Every structure is written in C-alpha cells, then in structure tokens.
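Shown next, in structure tokens, is the structure this report addresses.
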2 protein chains.
Amino acid sequence: MTHTAPHYPIGDLAKRTGTKVQTIRYYESIGLLPEPARTSGNQRIYGQDQLDRLAFIKHARDFGFPLDAIRELLEMTDRPAASCAEADAICRRHLTEVRRRIGRLQALEGELKRMVETCSHGTVADCRVISVLSDHEKCCAEEHEPVETMPYKATA
Amino acid sequence: MTHTAPHYPIGDLAKRTGTKVQTIRYYESIGLLPEPARTSGNQRIYGQDQLDRLAFIKHARDFGFPLDAIRELLEMTDRPAASCAEADAICRRHLTEVRRRIGRLQALEGELKRMVETCSHGTVADCRVISVLSDHEKCCAEEHEPVETMPYKATA
DNA sequence: TCTTGAACCTACAGTCGCTGTAGCTCCCAT
DNA sequence: ATGGGAGCTACAGCGACTGTAGGTTCAAGA
C-alpha cells in the first residue's frame, strides 16, 4: 500500500474535470470509464489514470465529439504505437460536420434576420414572421433543408 | 356533405408537407395538431386547415424553432387581431440563439482545423489530435465552453 | 461518543424530437 | 377473392445526459 498514489472520491473527480457526478456514473454505466475500486462502504475511489481518462473525455466532449468517436479515440490512446490515421480521420470527419452545421446555421441566420427586420410590429394578421412561416412562397430560400434541433432553455 | 372540401388520408398529408407519417401522429399525440376526423374504419382524414397547420409546423421546424415556440406561434395564428410582438420576440430569441451557436461552432472549427493541420500522421504517441485532447495546456482556446451535442450519422 | 449534514449510493423517469418495430386491420385494384 | 400497400396502436430506442426519491456512509464538530 503506497501512500503516494492519489485517490479521489467521485465528487473530487467531478470538480477537477468539470463534469457532474451523475455524468461520471453515466459514463461508467455505458462502459466509457472502467468500474473503479470501492471503499468498504461501497463508495467509488479513483486514481490518477481515471482522472486523466475522464479529463480526456470531458475535453473531447467540449470539442463536440460524440461519445462513439470518443470511445474510438480512447481505444487509440491505449495503443500509443499504432498509427494515428484513424484519429486524424475522426477529427476531419468532425470538422466537416462542424462546417456543415455552420453553413446551415448561417443560411438560417440570414432568413431569420430578414424576417424580424421586415416585421411591422402590428397585428398577427400582418406579421411578417407569421406570414413567412405560413407561406412557403414568401420564404427567401429556394429550398432549405431542416436545421438540427435546438432546444434552448427559457431565458426568463 | 359538401363535395368541394378536400380531405386527405395521413399519407397524403405527409407527402404534401414533407413530414413523416409517424411524425404527424406524434404531433397529434403532443397536442400540436388537433385530433382529426376518422373514417368508419378508424383512419384519420384531414382537411385543408390541418394541412395548413402542419405545413406551418414543418416550415417552422425547418427554421429550427423548437416545438414549444411553434406551439406559441400557432396560438398566435389563432388570434390574428392580437399584437405580433410576441411572435417577434420568439423570432428574435431564436435568432440570438442561432448566432450564439454559430459563434461557438466557429471557435470550434478553428481549433479542430489547427488540430488536424498540425497532425504529423505518425503514431498515436505523437499524434497532435490525441495530445491536444489529453492535455488542456496544448489547447489554443484559453477557455472554451462546451458546444452542443452533434450526433452525426456514420459516413460509411 | 454522538450527532449532524454533506456527500455518496441505486434505480428509474424525464428531456427533445422524433424514428423504428411488432403485430395487427383496412382499403382498393385486379 | 386476394394481395399488397397503407393505415392503426403501443411501445422501445436514440444521444447525452439531468433530476428525483429514498436510502447509506463519512467526516467534522460538540
């Protein structure tokens, strides 16, 4: 039993990585994090390895990588001598996706901007916003694909 | 019984609006579309009103409005004499959200671009992609907030 | 030593906006 | 009469969590 190896309870891990406790347990449940050691009272204790692994996951999530891609990237970190072509490919694919999204959102931004700018602030019957949404003809884009879902929280 | 009023089965409604049949039933289940009339054999039949309403929903979804916002917008179309200030507000809020997302994604794009560009295509041990994700210090952004989730489909 | 309260535990439901499946029934054309 | 496509209900699953209920454990202070 060494006294030098650090060991953290789940709350410390959460604070140090900026993830939520539930999220860490969720990652464990889907096999993204290995099952950690437990105290005699059944509480999880983590070492440096786990902390690093979780930090990697968190960072990759902040970059917007989906968990499947992160899983692949983590497998690669376990084989440091392997070629990084796959990691490169994952990253490029992600970049392409990000650019596609930016394009869609920018087209959307233009249309929304026009909508609010031409709104005459009168009644619903005359409202530009409503009329554009009601009538496809009034819409500027010839053909526009649906943008990804965006559930934004209420700004009360 | 008039012979002029059009009436469509659910599949026609789907084709005409570009939504899926299940989606229409889903909208009904959450109260976004009213329950339609039924044939003697229990099949849904829709009139022009419902078609227009669904087209409105579809169009608004294509604009990225969340269903809650669409619900509010639909309520407004039922009160055409009311002020459109609320519709304007919803639209502006959405526009703000879209712009926020664009900003985040653009920051992300820059970082991802740097990552793939500096990748030396060697082993995982030397991989820039992996190392940036492993080590927060190597990351160019001083502080970056997580970007929204983006589950992209496999490009096989 | 006892107590208090924060942190931990499991298990499960809910979020958002659908999508897919199973296992039926119905309708229309041949 | 029959075949097949379209419709029906009910429910599970997606991704990535978040929140809740109801219990246990731990560490610090009295």
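Here the structure is a predicted model, which is why all the values come from computation and not from measurement. Each chain gets a letter, A, B and so on, in the order the sequences are listed, and its residues count up from 1.
Within 6.0 Å of the NE2 atom in A/H121, the count of heavy atoms belonging to other residues, nucleotides or ligands exceeds 12.
Remark: C1' of C/dC9 and CD of A/E28 are 12 Å apart, rounded to the nearest angstrom. Atom pair B/I57:CD1 and C/dG17:P shows a separation of 12 Å (rounding to whole Å applied). Taking atom CG on B/D62 and atom C1' on C/dG17, their separation rounds to 14 Å, with Å as the unit. One interatomic measurement links the two molecules: CD1 of A/I30 to P of D/dT18, which rounds to 13 Å at whole-angstrom precision.
Taking a 4.0 Å limit (strictly below) on heavy-atom distances, residues 11-25 of chain B reaches DNA chain D at B/G11, B/R25. Residues of residues 31-54 of chain A that place a heavy atom closer than 4.0 Å to DNA chain D, in numerical order, are A/T39, A/G41, A/Q43.
Contacts of A/T118 classified as side-chain contact (heavy atoms from CB on, under 4.5 Å), with partners at least two apart in sequence or in another chain: A/R128. Taking the side-chain contact (heavy atoms from CB on, under 4.5 Å) definition, one finds that B/A89 meets it with nothing, sequence neighbours left out. Shown here are the side-chain contact (heavy atoms from CB on, under 4.5 Å) partners of B/T17, two or more places apart in sequence or in another chain: B/T19, B/L51, B/L54, B/A55.
Under the 3.5 Å distance criterion, with hydrogens and angles disregarded, a donor-acceptor pair is assigned to the side chains of B/Y8 and B/Q48.
Salt-bridge annotation for B/E75 and B/R71: absent, with no side-chain N of the basic residue lying under 4.0 Å from a carboxylate O of the acidic one. A salt bridge is defined here as a Lys NZ or Arg NE, NH1 or NH2 lying under 4.0 Å from an Asp or Glu carboxylate O, and B/D88 with B/R92 meets this definition.
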Taking only distance into account, with no hydrogens and no angle test, what donor-acceptor pairs under 3.5 Å do side-chain atoms of residues 25-38 of chain B form with protein atoms, sequence neighbours excluded?
{"from": "B/E28", "atom 1": "OE1", "to": "B/R44", "atom 2": "NE", "distance (Å)": "2.8"}
{"from": "B/S29", "atom 1": "OG", "to": "B/Y26", "atom 2": "O", "distance (Å)": "2.7"}
{"from": "B/R38", "atom 1": "NH1", "to": "B/N42", "atom 2": "O", "distance (Å)": "2.8"}

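Between A/Y26 and D/dG15, a side-chain N or O to OP1/OP2 separation shorter than 4.0 Å is absent.
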